[in-house]
Amino acid sequence: GSTKANSGIVHGGFHEEPGTLKAKYCFPGNQMYPQMCKELDVCFEQNGILMVARTPEEMETVKEYYQRGIDRGVNLRLLSKEEVLAQEPNLDPGIAGALFAPEGGSVMPFELAAALMENAVQNGANYLTNTQIQRAWTENGEKFLETEELVIQADYVINAAGLFSDDLARMFGDDYFSIHPRKGEEYIFDLSVKNMVKSTIFPVPGKISKGILVIPTAAGNLMMGPTGDDVLEKEDLSTSQYGFERIFEGAKSLVPSLDPRKIIAQFAGVRAASDRGDFIVELSPNVPGLVHLAGIESPGLTAAPAIAADVPRLLREAGLALELKGNFEPRRRPVIRFNTLSRAEQDALVKEDPSYGRIICRCESITEGEIVDAVHRGARTLDGIKFRTRAGAGRCQGGFCQPLITQILSRELDIPVTKVSKRGPGSEQVKYVAKELYESEVQA
Ligand SMILES: Cc1cc2nc3c(=O)[nH]c(=O)nc-3n(C[C@H](O)[C@H](O)[C@H](O)COP(=O)(O)OP(=O)(O)OC[C@H]3O[C@@H](n4cnc5c(N)ncnc54)[C@H](O)[C@@H]3O)c2cc1C
């Protein structure tokens, strides 16, 4: 879904139009991030957000956003051109000034999603992966959801199906909203240009999107994007020369020394834009016990914890008696990140467990020990390993380490290498093992 392919920005909470649900949930979500990421041991950098004005006229618009944010309690500062350039010397020297939101930040969205899932399981939740709801209906007041293998009966259903939340709603007979795909392309730079900017740099936004940004990601790589193009297909994840050109032009107008030769990867994500132009967070007016969390486009990553905290209110309204779980454990078992340890800590760890002494991903310095730990925490695919550890996310994009990670997954999950996949059934990477092929085809 969109959570695996977005900009990873924890927005400041000053962009959103007053009176919208985006405004209601974005700033409270932002405020929940530091503690949530600490408890879940997820990388979160509170590196701030700068909205940069390129002309005196744009500075007037920036001041309107400043007032909008101040009115809802956001910690903001207006900076003169000199103050901005002292803070970010690589910005275009022709800028007029900026708005600074020190509490904005960057997170690794896929790491956060995996951590939340792990923590939910720790607290007694159950989940099914690679399981699509194909049919849903109500019968005698009960709700039923059918997958390829089972039928699930539920008193309460929370529809958080992203781009497909209108399809799921329609399965229950709710067809009063629709979701339209809006694609965003992003381009990632090599770690060698990681310190070009400290904060995420925004232009003054346009009508449809927040514009082209220069983003220091939580992983350290610089990223530029996203576009905001309405597309026909919900699963259109293609990138294009046209997308790249628009992004590069926008990013270069903020940071002129960006070098396209340092780009190591690109991707596209698709936003779930609702026909209301806003989030839909409500009980279905037609199906009792059905909650819709739909149209969660940007800033949905930021708003997500605040939306989640509001869902119990909706469930209570629908008649569910909820009690606080006394023994809820908000903390996840800490993750070992070998390349962040001191030399002495690394030596001690390798002595205790030699698998931490074997580097599997050379670009990101990820060890076998970290990959095995990720499998034990729930990773089942190459992407699952990449999202949890960053193995395969570096300059060579898995060229060297993918075969090794495939072998580790095969060994730890006790499955043949031909069953190890990138992102689930249908994306297996190894067709035959050469020796077996030789024996079956050539010798036969
Ligand atoms: C390019 C881009 C950049 C963005 N940048 C930011 C940003 O910097 N900051 C920010 O705050 N927000 C950002 N967003 C928005 C953010 O990514 C989304 O708001 C958020 O990820 C939405 O999460 P979700 O859980 O609602 O949807 P998703 O992550 O899409 O999850 C929906 C899930 O439902 C599953 N599903 C769908 N149909 C079915 C079915 N029938 N049966 C079973 N499962 C089903 C899908 O497989 C998927 O796993 C960005 C979005 C894009 C596309």
Side-chain angles (χ1 to χ4, degrees), residues 1-13 15-16 21-22 25-27 29-30 32-33 49 104-110 112-114 116-117 127-136 145-148 152 157-172 179-188 200 202 209-213 215-218 223-231 234-237 239 243 247 266-274 278-281 292-308 311 383 387 423-424:
S2 312
T3 304
K4 90 168 189 345
N6 60 52
S7 308
I9 301 163
V10 176
H11 287 285
H15 272 102
E16 300 68 34
L21 290 182
K22 290 181 183 178
Y25 293 115
C26 183
F27 180 52
N30 163 298
M32 292 165 82
Y33 259 84
I49 286 172
S106 280
V107 71
M108 279 197 259
F110 26 82
L112 175 61
L116 284 163
M117 215 150 81
Y127 69 88
L128 301 170
T129 53
N130 296 317
T131 307
Q132 190 187 2
I133 307 293
Q134 295 174 334
R135 226 160 60 86
L145 301 136
E146 186 180 270
T147 75
E148 201 167 26
I152 302 161
V157 172
I158 298 169
N159 170 15
L163 282 157
F164 300 92
S165 49
D166 56 345
D167 297 329
L168 186 63
R170 258 197 302 277
M171 290 184 205
F172 277 111
I179 300 297
H180 306 280
R182 184 172 299 143
K183 187 168 73 169
E185 297 182 27
E186 312 253 17
Y187 292 78
I188 304 174
T200 294
F202 282 70
S209 80
K210 297 186 179 79
I212 301 300
L213 326 175
I215 309 155
T217 64
M223 188 161 82
M224 60 178 185
T227 45
D229 296 329
D230 290 325
V231 288
K234 289 182 173 181
E235 289 171 292
D236 175 358
L237 296 177
T239 54
I247 289 177
Q266 66 222 43
F267 65 87
V270 185
R271 304 170 185 84
S274 80
D278 197 6
F279 296 162
I280 297 171
V281 179
H292 294 305
L293 306 181
I296 311 294
E297 56 171 327
S298 188
L301 175 68
T302 312
I307 296 174
V311 170
D383 273 358
F387 293 156
R423 64 178 86 84

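Both ligands and their constituent atoms are indexed starting at 1 by order of listing.
Under 4.0 angstrom from ligand 1, there are no non-hydrogen atoms of K4. When heavy-atom distances to ligand 1 are checked against a 4.0 Å cut-off, A113 has no atom that comes that close, whether in backbone or side chain. At a heavy-atom cutoff of 4.0 Å, ligand 1 is contacted by the backbone of V270 but not by its side chain.
Using a 4.0 Å cut-off between a side-chain N of Lys or Arg and a carboxylate O of Asp or Glu, D229 and K183 do not qualify as a salt bridge. Salt bridge K234/D167: present, at least one basic N to carboxylate O contact under 4.0 Å. A salt bridge between D230 and R182 is present, with a side-chain N of the basic residue lying under 4.0 Å from a carboxylate O of the acidic one.
Evaluated by nearest non-hydrogen atom to atom 4 (C) of ligand 1, the leading choice among L168, N6, T131, T217 is N6. Of the listed options S2, A308, C26, S2 places a heavy atom closest to atom 28 (P) of ligand 1. Comparing F164, F267, F110 against atom 38 (N) of ligand 1, the shortest heavy-atom distance belongs to F164. Checking T200, L237, L301, N159 against atom 12 (N) of ligand 1, the nearest heavy atom belongs to L301. When I133, T129, L213 are checked for heavy-atom proximity to atom 42 (N) of ligand 1, I133 turns out nearest.
For the pair K183 and ligand 1, no heavy-atom separation below 4.0 Å is found.
Remark: E235 CD is loosely packed, at most 12 non-hydrogen atoms of other residues, nucleotides or ligands lying under 6.0 Å away.
Residues H11 and F27 keep their aromatic ring centres 6.0 Å or farther apart.
Between A303 and ligand 1, a contact under 3.5 Å exists for no N or O pair. The shortest N/O to N/O separation between T3 and ligand 1 falls below 3.5 Å. For E297, a nitrogen or oxygen atom sits less than 3.5 Å from a nitrogen or oxygen atom of ligand 1, counting backbone and side chain alike.
Here is the list of ligand 1 atoms found below 4.0 Å of a heavy atom in P299: 10 (C), 11 (O), 12 (N).
Closer than 4.0 Å to atom 8 (O) of ligand 1 lies at least one heavy atom of the protein.
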